[in-house]
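Let me begin by presenting the structure, written as C-alpha cells, before commenting on it.
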Amino acid sequence: MTTSNHPYHLVQKSPWPVISSLSAMLITTGLIKWFCFYTMNLLLMGLLGVIMVSTQWWRDICREATLQGLHTLKVSTGLRMGMIFFIISEILFFFSFFWAFFHSSLSPSMEVGAVWPPTYVDSFNPFQIPLLNTAVLLASGVTVTWAHHAATENAHTQVLQALTLTVTLGVYFTSLQAMEYIEAPFSLADSVYGSTFFLATGFHGLHVLIGSTFLIFCLLRVHLAHFSNNHHVGMEAAIWYWHFVDVVWLFLYVSIYWWGS
C-alpha cells in the first residue's frame with residue numbers, strides 16, 4: 001500500500017459494512033416488532049447502529065480524502081460514477097411508487113368507489129402547504145447550486161453561507177411535512193390512496209432528512225477547510241443527491257398532490 005505506484009485506493013479491512021448491514025436488518029425487523037407488538041427496543045438499537053456506523057464511516061472517508069491523500073483523480077472519478085449509479089437506483093426505487101399510484105388512479109377499482117381520490121378520502125389542497133414546500137425545495141436548489149459555484153472559486157465564506165441556507169430550508173421543509181402528516185385527514189390504512197401517498201411522500205421525506213445530514217457534514221468539512229476548488233467530491237455528491245430530491249418532489253407534487261387530488 002505504501003510503496004505502490006498505481007492511482008487506485010486499495011481499502012483496508014473495515015467493520016462498517018458488516019455492522020451497517022446488521023443495523024439495517026435490526027431496523028426492518030424492529031419495525032415489524034413495533035407494528036405487531038408495540039415495542040421499539042429493536043428498532044432503536046438498529047437506528048443507533050446506523051447512526052454510529054454513519055459517523056465512523058464518514059470519519060474514515062474524510063481522513064482518507066484529506067489527510068492520507070488516497071482520493072486521487074482516478075479514485076474521485078470512481079466515486080462520482082458510484083454516486084451516479086446510486087442515484088439511478090434511487091430513481092428506479094421511486095419509479096415503483098409512481099407505477100403503483102398511476103396503476104391505481106388511472107383505473108380505480110369498485111372497492112374505492114371507482115373514482116380517484118376514493119369517495120371517502122378528503123385529499124390535501126395542492127395550493128397550500130404542498131405549494132409552499134415546492135417553493136422551499138426549489139429555493140434550496142438555488143442555494144445549493146450557489147454553494148457549488150462558490151466552491152469552484154474557493155469562496156469558502158459563500159460556501160458556508162449557501163450550505164447553511166440550504167440546510168435551513170431542508171429542515172423547514174421537513175417541519176412543514178411533519179405538520180402536514182399530523183393534520184392529514186386520512187391515514188396509511190385508507191385504501192390504496194393512503195398507502196401510495198404516505199409511502200411516496202414519506203420516503204421522499206426520509207431522503208430529505210438524509211440529504212440534510214449529508215449537507216451538514218459537508219458544512220462541517222468546509223468549516224475545517226477540507227475542500228478546494230478542484231477537490232470537493234464529497235460536496236459534489238451531496239449536491240447531486242439534493243438535486244435528485246428536488247426533481248423527485250416536483251414529480252410528486254404534480255402527480256400526487258395536484259393531478260391526483
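The first residue in the sequence is number 1, and the count goes up from there. For clarity, every value in this text was computed on a predicted model and none was experimentally measured.
In this pair, Y257 and W249 present their aromatic rings tilted. The plane angle is within the 30 to 60° band. Between Y193 and F186, the ring planes are perpendicular. Angles over 60° get that label, and only those under 30° would be called parallel. Using cut-offs of 30° and 60° for the angle between ring planes, the W259 and F102 rings count as tilted.
Taken to the nearest 0.5 Å, the CZ atom of F98 stands 5.5 Å off from the CD1 atom of I256. Interatomic distance, F203 CZ to L252 CG, rounded to the nearest 0.5 Å: 12.5 Å. Between the CE atom in M40 and the CE atom in M45 there is a gap of 13.5 Å [rounded to 0.5 Å]. Going from atom CG of L138 over to atom CG of D246 covers 6.5 Å, rounded to the nearest 0.5 Å. Atom CG of residue N133 and atom CZ of residue F173 lie 4.5 Å apart, to the nearest 0.5 angstrom. Between the CD1 atom in I91 and the OG atom in S96 there is a gap of 12.5 Å [rounded to 0.5 Å].
When side chains are defined from C-beta on, R80 counts as touching W240, because their heavy atoms get closer than 4.5 Å. Two residues are said to be in side-chain contact when any heavy atoms from C-beta on lie closer than 4.5 Å; I129 and F124 fail this criterion. Side-chain atoms of F214 and L209, non-hydrogen and from C-beta on, never get closer than 4.5 Å to each other. Under the 4.5 Å side-chain criterion, counting only non-hydrogen atoms from C-beta, Y181 is in contact with T201. Contact of the Y172 side chain with the L132 side chain is registered, since non-hydrogen atoms from C-beta on lie closer than 4.5 Å. Side-chain contact between V192 and W116 is present, with heavy atoms from C-beta onward closer than 4.5 Å. Using a 4.5 Å heavy-atom cutoff, the side chains of W57 and S20 are in contact. Residues L215 and Y241 have side chains not in contact (no heavy-atom distance under 4.5 Å, counting atoms from C-beta outward).
Using modelled atom types and a 3.5 Å distance limit, the side chains of S140 and T166 yield no donor-acceptor pair. A donor-acceptor pair shorter than 3.5 Å can be found between the side chains of Q158 and W146.
In terms of heavy atoms, F94 sits closest to A200 at CE2-O, 3.8 Å.
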| message | Working note: S191 + Y120, criterion side chain to side chain contact (heavy atoms under 4.5 Å, CB included); need CA distance, chi angles, decisive distance, verdict. | response | CA-CA 10 Å; S191 74; Y120 49 83; 3.0 Å; yes
| message | Walk me through whether I61 and H71 qualify under side chain to side chain contact (heavy atoms under 4.5 Å, CB included). | response | CA-CA 9 Å; I61 294 175; H71 286 189; 3.8 Å; yes
| request: Take M179 and L176 through the side chain to side chain contact (heavy atoms under 4.5 Å, CB included) test and state the conclusion after the steps. | output: CA-CA 5 Å; M179 183 178 68; L176 287 174; 4.0 Å; yes
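No side-chain donor-acceptor contact under 3.5 Å links T39 to the backbone of N41. N154 places a side-chain N or O within donor-acceptor distance of the main-chain N or O of N229, the cut-off being under 3.5 Å. Between the side chain of T174 and the backbone N or O of G170, at least one donor-acceptor pair lies under 3.5 Å. Listed for the T72 side chain is a donor-acceptor partner under 3.5 Å among the backbone atoms of P7.
Taking the six-membered ring for Trp and the full ring otherwise, H156 and H223 have centroids separated by 6.0 Å or more. Between F97 and H204, the ring center distance fails the sub-6.0 Å criterion.
Between T164 and the options T143, L169, L219, V222, a side-chain contact (heavy atoms from CB on, under 4.5 Å) holds for only L219.
Annotation: F251, atom CZ; neighbour count of heavy atoms from other residues, nucleotides and ligands within 6.0 Å does not exceed 12. More than 12 heavy atoms of other residues, nucleotides or ligands lie within 6.0 Å of CH2 in W58, so this atom counts as buried by the packing criterion.
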